[in-house]
Amino acid sequence: MVDICQYCKQRSKATESLEFKELEKLGHTCNEITFKKDQRIVVQGAVAYNIAFLKEGLVKIHQRGPEKEQILKVSKAPSYLGLPTSLASRINQYTVTAITKSKVCFINNEIFKEFILNNGKFAYEIIMDLCTQELDFYKRAINQIQKQSAGKIAEALLFFANDIYLSDNFTLPLSRNDMGDLTCSSRETVSRVLSDFAHNHIIEIDKNSIKIIDKEQLKVISKHG
DNA sequence: GCATTAACCACAG
DNA sequence: CTGTGGTTAATGC
């Protein structure tokens, strides 16, 4: 028990709806754990006893497919890590790995269910969160099926710039291999497309630091596959 | 057929 | 781990 939830500044939006008493209860069962880069926070195949809430950091959520690893999404704090797997299944359906140092609160499953059953506002916020994620996932699933590789990689770059770093100048936290797993393409294709973008002055690239020069062009490529 | 795309393989930094 | 070149298979015109 590291934090007292009532005073935590990094709570989820849903917990704003909790009563003081409920927060106290949360505080009694909540454990905060810090993970280093590349440590696994949630492990596919293991039994889930807790809900994981990412307070700080950046993670990748990935699943072992029949052929190879598939990165389902990259997620930054604050967010719940895998409500579907924690609530709908007793076994984790995917692995979550820290890609930067991360702080995670583990909340007892039963307590969490109790909040959902007893507090409508809390439940509403959780449902909103799930809906948003599902819609987002549909969108990306279709993109990945229909776009060709330059489009998928352009989209990934825009995602990091717009959604993760809020800057056109950032350091890619993933290896080329991981970028391939994320965009459903091979690591070679990622390499080629990135250097191609650089040649065409759409981005500047030095190792993993990326600078987007021509964002409009990147958007066009992302849109038209 | 011919062109395009992207995966796979191999090899060099 | 990354970048690049050659090869190959699939697909579209």
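Convention: sequence-line order gives letters A, B, ...; per-chain numbering from 1. Keep in mind that what you see is a predicted model, and the values were worked out from it rather than measured.
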Counting only side-chain N and O atoms of [X], is one of them less than 4.0 Å from OP1 or OP2 of [N]?
X: A/Ser149; N: B/dA6; answer: yes
X: A/Ser191; N: C/dT4; answer: no
X: A/Arg176; N: C/dG3; answer: yes
X: A/Thr189; N: B/dA7; answer: yes

Tell me the interatomic distance from [X], atom [atom1], to [N], atom [atom2], rounded to whole angstroms.
X: A/Asp206; N: C/dC1; atom1: CG; atom2: C1'; answer: 15 Å
X: A/Arg192; N: B/dT5; atom1: CZ; atom2: P; answer: 13 Å
X: A/Ile153; N: B/dT5; atom1: CD1; atom2: P; answer: 13 Å
X: A/Asn177; N: B/dC9; atom1: CG; atom2: P; answer: 14 Å
X: A/Asp196; N: B/dT5; atom1: CG; atom2: P; answer: 10 Å
X: A/Glu188; N: B/dA6; atom1: CD; atom2: P; answer: 13 Å
X: A/Met179; N: C/dT2; atom1: CE; atom2: C1'; answer: 14 Å
X: A/Leu172; N: C/dT2; atom1: CG; atom2: P; answer: 10 Å

A/Lys207 and A/Thr171 side chains, donor-acceptor separation under 3.5 Å
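The answer is no; no qualifying pair exists.
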Inspect the surroundings of CZ in A/Arg40 and state if more than 12 heavy atoms from other residues, nucleotides or ligands are less than 6.0 Å away.
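Count not over threshold, so no.
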Give me the ring orientation class for A/Phe115 and A/Phe122: parallel if the planes are under 30° apart, tilted from 30 to 60°, perpendicular past 60°.
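A/Phe115 and A/Phe122: perpendicular rings.
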Given B/dA6, B/dC9, C/dG3, which nucleotide is nearest the side-chain atoms of A/Arg187?
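It is C/dG3.
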State plainly whether the residues A/Glu216 and A/Lys219 are in salt-bridge range, i.e. N to O under 4.0 Å.
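A/Lys219 and A/Glu216: salt-bridged.
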